[in-house]
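A quick note: this is a predicted structure, and the numbers were derived from the prediction, not measured. Per chain, numbering begins at 1; letters A, B, ... match sequence-line order.
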Amino acid sequence: MPEGRTGSQLDRNRSSLLVQAPRQIAGTALSLALTFAGLTAVTFVIARVMPADPVLAIVGDRAHQDVYDAVYRELGLDQPIFVQYLRYLGQLFEGDLGVSIMTAQPVLVDLLRFFPATLELATVATLLGVLGGVPLGVLAAVRQGRWLDHLIRVIGLFGYSVPVFWLGMLALFVLYAKLGWVAGPGRIDIFFDGMVEPVTGLILVDSALAREWEIFRNALGHLVLPAGILGIHSLAYLARMTRHFMLEQLGQEYILAARVKGVPERAVIWRHAFRNVLVQLITIVGLTYASLLEGSVLTETVFAWPGIGQYITSSLFNNDMSAVLGGTIVVGVCFVGINMGSDLLYRLVDPRAR
Amino acid sequence: MGRVVRSVAAMGCVVALGLVRAAAAPPDDIFVMAKDVGDVITLDPAEVFEFTAGEIVANVYDRLMMFEPEHPGQIAGGVAENYAISDDGRTIVFRIRDGLRFHSGNPVRPEDVEFSLERVVKLNRTPAFIVTQFGWNAGNVEDLIQVVDARHLRIEVTEGLSPGLILNALSAGVASVVDRELVLAHAADGDLGHAWLKTHSAGSGAFRLGRWKANEYIALEANPHYRRGAPAMRRVFLRHVPEPSAQRLLLERGDVDMARNLTPDQIGALAEHADLAVDSYPKGAIVYLAANAGHPVLGNSAVVQALRYAIDYRGMADSFLAGQFAVHQAFWPAGLWAGYTATPYELDIEKARSLLEDAGLEPFDVRIDTLTSSPFPQIAQSLQATFAQAGIRSRIVMQDGRTLWPRYRARKHELIIARWSPDYMDPHANADAFARNPDNRPEAGLAGVLAWRNAWASEDINAKTIEARDTRDLAARERMYQELQRRLQTEGPYAIMFQQIDQIVRRRHVEGFVSGVNFDHVYYRMVTK
C-alpha cells in the first residue's frame with residue numbers, strides 16, 4: 001500500500017529529525033563552547049607570558065616600587081595564572097569583561113562603542129566589494145583574453161597588491177585635501193557628535209532614524225573614503241576569485257551542452273555557471289567580511305576611525321589585557337556567526353547541502 | 001547609448017561625492033586641535049602622570065600654587081591667595097581666595113584643599129611621591145594638613161625642606177583642588193571617588209571636562225565664571241588623530257585649528273604656508289644616554305667620558321632633530337631657575353679613542369636599547385656610527401616602552417637612550433632622579449630613580465643633593481644645583497644630549513595658545529580666533 005509506505009517513511013523522517021535536531025544543536029553548542037574556551041585560554045596565556053608589564057601600563061615607568069607592588073596585587077597578578085584565568089572566566093559568565101586600562105571604562109561599554117564603527121565600515125566596504133568585484137569577475141571570465149579581461153585583472157592586481165594605508169593616504173591627499181570632494185579623517189565632525197541618540201551605534205542608521213539628514217550626510221562624507229579604500233581591496237580580491245571560479249565552470253561540459261541546446265548566453269552565464277560558483281563565493285565573501293570586522297588597523301589609523309581594530313591594537317600596545325580579551329571574543333563571535341550564516345546560505349543556494 | 005549611460009554614471013559619481021563633502025571648519029568659538037591623545041588613561045589628578053592628561057588637568061583644575069599662562073615662568077597663588085611660612089620653614093599657612101566656586105557651584109574651601117591633598121597621599125598612585133617627600137603618609141597626613149578656619153589651611157612637613165621646593169611641588173598636578181562634596185558623592189568602596197574621577201571632572205579651572213571619548217576626542221567646556229574671566233573659546237576639542245600626515249591634511253583644509261604632532265619635515269614644508277604659522281616652545285624634556293654602571297666595562301667612568309666625546313650632538317641637532325631638539329648637556333632644562341647651560345662636549349673621536357686607550361681598553365661590544373618612536377631610532381643610529389669610529393661596536397635594540405621600561409627598571413640594560421621630563425618645577429625633581437641614589441643595592445628596588453637604575457651612586461653627590469634640597473637661601477640653592485649639574489656632566493653615568501622644543505602649527509588667525517616649559521603647563525584659556 002503506497003500510502004502506508006509513504007506514511008511510515010514520513011514518520012521515520014520525523015522521528016529521525018526529532019532525534020537529530022537536538023543532537024545538532026548540542027553539537028553546535030559544544031563546538032561553540034570549546035571554540036570560546038580555547039580562544040580565551042590561548043589569548044589569556046599569550047597575554048600573561050608576553051615580555052611586557054601590564055602594571056607599568058597603569059603606573060608608568062617612573063612609579064616607585066610600593067606603588068607598583070600595590071597595583072600588581074590589585075590586578076591579581078600575584079595569583080597563579082590558572083587562578084587568574086578561572087577568575088576571568090567567572091567574571092565572563094556574569095557578563096563582566098573587566099575594565100579597560102586605556103579608557104577607564106568597562107570593556108563591554110567600549111566594545112558597544114567601537115564595534116559598530118567597524119561594523120558600519122566593514123559592511124559598506126563589503127557591499128562595495130561584492131557589488132563591484134563579482135560582476136567584474138564574471139565579465140572578465142566571459143571576456144577571457146580580451147582587453148577588458150586584461151584591464152580587470154590589472155585593476156585586481158593593483159587593488160590587491162597596493163598597501164591599503166598608502167592608498168588611503170593618497171586618496172586623503174587627493175580627494176580630501178586637494179579636491180575637497182569628501183570629508184577628512186574621523187567618523188563624523190566632532191561638533192555633531194552626541195547630537196543623535198545612539199540606537200544601533202551605526203551613525204548612518206541612527207541619524208536616518210532620527211531624520212537628522214545633515215548628520216547623515218556628514219557621516220556619509222566621512223565614511224565614503226575609508227569604505228571605498230577597503231572596498232577596492234575587497235573588490236580586487238573578489239573579482240580575481242570570481243573570474244577564477246567562473247572560468248572553471250565555463251569550461252565544463254554542461255555549459256557546452258546548454259549552449260548547444262541554444263540556451264541564451266546570458267542564461268548560460270548567470271543561471272547555470274554563476275549559480276554553481278555561488279557556494280564558493282559565499283565562503284570567500286564571508287571570510288572577507290569577517291576579516292574586515294576584525295578591524296582594519298591601518299585604515300582605521302590613517303582615517304582616525306574609532307573602530308575595533310584600533311581599539312585592540314592600542315590595547316595590546318598598552319598591555320590592556322581585559323580590552324584585548326574582550327575584543328578577541330567579539331572577533332571570535334564574528335567569525336563563528338559568519339560561518340554559521342554561510343552554512344545557512346549554502347543550504348539556500350545549493351539543494352545538495354540541505 | 002552606452003557612452004551616454006557611462007557619462008551619466010560618471011556625473012552621478014561626481015555629484016554624489018560633492019553631496020557627501022560636508023565637513024566644515026570649526027566655528028569661531030570652538031577651538032579644535034589634532035593630537036595623538038592615546039596616552040590618556042585617567043583624568044584623576046591624583047593619578048595623572050601622562051602628557052596629554054596632565055595638560056587637561058591643568059585646564060580643568062586650579063592648583064594650590066600655579067604657573068599662570070600670563071606669566072608661565074613665575075610661580076603664583078592659584079587657589080591660594082597668599083601664604084605665610086614659619087621661621088623653621090616646616091609650616092606653611094595658605095589663605096584661600098574668597099568667592100571661588102567649583103564648576104558644580106560649590107564654594108572652594110580650605111576643606112577641599114585638605115581633602116585633595118590627603119586623597120593623593122591615601123590613594124598613593126604614581127605622582128604621590130611629589131607630596132609624600134614632605135614626610136606625609138596615610139597615617140600622619142590628616143594631622144599634618146589642618147583647616148585653620150573658613151579661609152586658612154595649614155600644612156606641616158616633617159623634613160627640613162626648602163620652602164621653595166614645597167611651593168613648587170604644590171604647583172604640580174597632584175595639588176589640583178577637587179570638589180570634595182561632588183567627589184565623595186561618587187565614591188564607591190572607599191575609593192575616594194577615584195573610579196569616577198578617572199572619567200569626570202570636579203574642578204574650578206577655566207574649563208570643565210565635557211566628555212572623554214577614548215580614541216576619538218576629549219571635549220572641554222568653558223567655565224563662564226572663571227576667576228580670571230571666561231575663556232574666549234566656548235568649547236575646546238582635542239581630537240585624536242594618531243597619524244601626523246592626517247593631522248597635516250586636516251590643518252591644511254581648515255578642519256582643525258592646530259596640529260600638535262607634526263614631524264620636522266612636515267613642519268618645514270608648511271613653514272611658508274600663507275594661512276599657517278609655526279610656533280616653537282622650549283620644553284623641560286631632555287634626551288639622554290645612560291650607561292649601566294653595573295656593566296663590567298661601562299662601570300669605568302673613563303668609558304662613559306669617552307662616550308660623551310663620541311656623540312655628534314651638533315650634527316643631530318642641525319639635521320634630523322632640527323627645530324625640535326636643541327643641544328643641552330645638564331640634567332635641569334635651560335630657561336628655568338637654576339638651569340645650567342654649559343655644553344662642554346662635542347664630537348671628538350680622537351679624544352674618545354685616547355680616553356679608551358688610556359683606560360687600557362680594547363674595542364668592545366655594547367648593546368643600545370631605545371624606543372621605537374621617532375627620534376630615538378635616528379639618534380641611536382647616529383651614536384652607533386660615531387661610536388664605531390671610536391672603536392666601540394654597538395648593537396641597537398629598539399623596543400616599545402612596555403618592554404623597554406621593565407628592562408630599564410630591572411637594571412638589565414647596557415646603554416639606553418631615553419627621555420626625562422621634570423615632575424614639577426623645582427630642580428630637585430630632576431636631581432632626585434639623576435643624582436641621588438640613597439641605596440644602590442639591587443634589593444633596594446628604587447626603580448623610580450635613574451641613578452639606581454644605572455647602578456650608580458656617590459655618597460658625596462647624595463649629600464650635596466640633600467643639602468641643595470634643604471637650603472633656604474635661594475641664591476645659594478641655585479649655585480648648589482648648578483654645581484651638581486656640572487659635576488654630573490663628568491661624574492654621572494649619563495651623556496645628556498638634548499632639550500626638547502615643542503613645535504605646533506596653527507591656523508594663522510588662532511592666537512593665545514600657551515605651552516610652558518613643563519609638560520602640563522599648556523593652557524587654552526587665552527586662545528582667540
So which bits of residues 29-45 of chain B come within less than 4.5 Å of chain A, counting non-hydrogen atoms only? B/Ile30, B/Val32, B/Val40, B/Ile41
At a heavy-atom separation under 4.5 Å, does A/Val71 approach chain B through its side chain, its backbone, both, or neither? side chain
Contact between B/Leu249 and A/Pro185 at the side-chain level, heavy atoms closer than 4.5 Å - yes or no? no
To the nearest 0.5 Å, atom CZ of B/Phe49 lies from atom CD1 of A/Ile58 at 15.5 Å
Parallel, tilted or perpendicular, judged at 30° and 60°: which one describes the rings of B/Phe129 and A/His64? parallel
Report which part of B/Glu47 has an atom under 4.5 Å of a heavy atom belonging to chain A: side chain, backbone, both, or neither. side chain
Donor-acceptor pair, distance only, cut-off 3.5 Å: does the side chain of B/Arg409 make one with the backbone of A/Gln65? no
Note: vs chain B, highest number of non-hydrogen pairs under 4.5 angstrom among A/Ala177, A/Ser100, A/Ala70 is A/Ala177
Are A/Asp53 and B/Trp405 packed together at the side-chain level, in the sense that at least one heavy-atom pair is separated by less than 4.5 angstrom? no
For A/Asp61, is there an ion pair with B/Arg453 - N to carboxylate O distance below 4.0 angstrom? yes
Sequence neighbours left out, what pairs pass salt bridge (Lys or Arg N to Asp or Glu O under 4.0 Å) with at least one residue falling in residues 168-183 of chain A? none
Inspect the contact between A/Arg187 and B/Glu216 and indicate whether a charged nitrogen and a carboxylate oxygen are less than 4.0 angstrom apart. no
Can you tell which part of B/Asn124 gets under 4.5 Å to a heavy atom of chain A, answering side chain, backbone, both or neither? both
Surrounding CZ of B/Arg441 (heavy atoms of other residues, nucleotides or ligands, distance under 6.0 Å), is the total greater than 12? yes
Within this structure, what is the CZ-CZ distance for the pair A/Phe173 and B/Arg248, rounded to the nearest 0.5 Å? 7.0 Å
Over-ring placement of A/Arg62 relative to B/Trp420, 6.0 Å and 45° cut-offs: yes
Which answer fits B/Arg211, side chain, backbone, both or neither, if we ask what part of it has an atom under 4.5 Å from a heavy atom of chain A? side chain
Of the listed residues (A/Ala57, A/Ala63, A/Ala304), which shares the most heavy-atom pairs with chain B below a 4.5 Å separation? A/Ala63
Not counting sequence neighbours, which residues clear ring-ring contact (aromatic ring centres under 6.0 Å, His included) with B/His273? List them please. none
A/Gly307, A/Pro54, A/Pro306: which one forms the most heavy-atom pairs within less than 4.5 Å of chain B? A/Pro306
Pairwise side-chain contact, A/Gln105 with B/Lys198, heavy-atom cut-off 4.5 Å (strictly under): no
Are any non-hydrogen side-chain atoms of A/Tyr68 and B/Thr126 less than 4.5 angstrom apart? no
Please look at B/Thr132 and chain A and tell me whether the side chain, the backbone, both or neither of the residue comes under 4.5 angstrom of a heavy atom of that chain. neither
Option in B/Ala447, B/Ser245, B/Ser421, B/Gly448 with maximal non-hydrogen atom pairs under 4.5 Å from chain A: B/Ser421
Given heavy-atom pairs under 4.5 angstrom as the criterion, report whether the side chain, backbone, both or neither of B/Arg125 touches chain A. both
Determine, stepwise, if the pair B/Lys213 / A/Thr103 fulfils side chain to side chain contact (heavy atoms under 4.5 Å, CB included). CA-CA 8 Å; B/Lys213 267 181 108 172; A/Thr103 67; over 6 Å; no
Of the non-hydrogen atoms in B/Ala246 and A/Val302, which two are nearest, and what is the gap between them? CB-O, 3.7 Å
Locate the shortest heavy-atom distance separating A/Phe191 from B/Pro26; write the atom from each residue and the value. CZ-CA, 3.4 Å
Checking B/Lys529 now: which residues fulfil side-chain hydrogen bond (donor to acceptor under 3.5 Å, both in side chains) with it, not counting sequence neighbours? B/Asp257
What's the spacing between A/Ile190 CD1 and B/His240 NE2 if we round to 0.5 Å? 13.0 Å
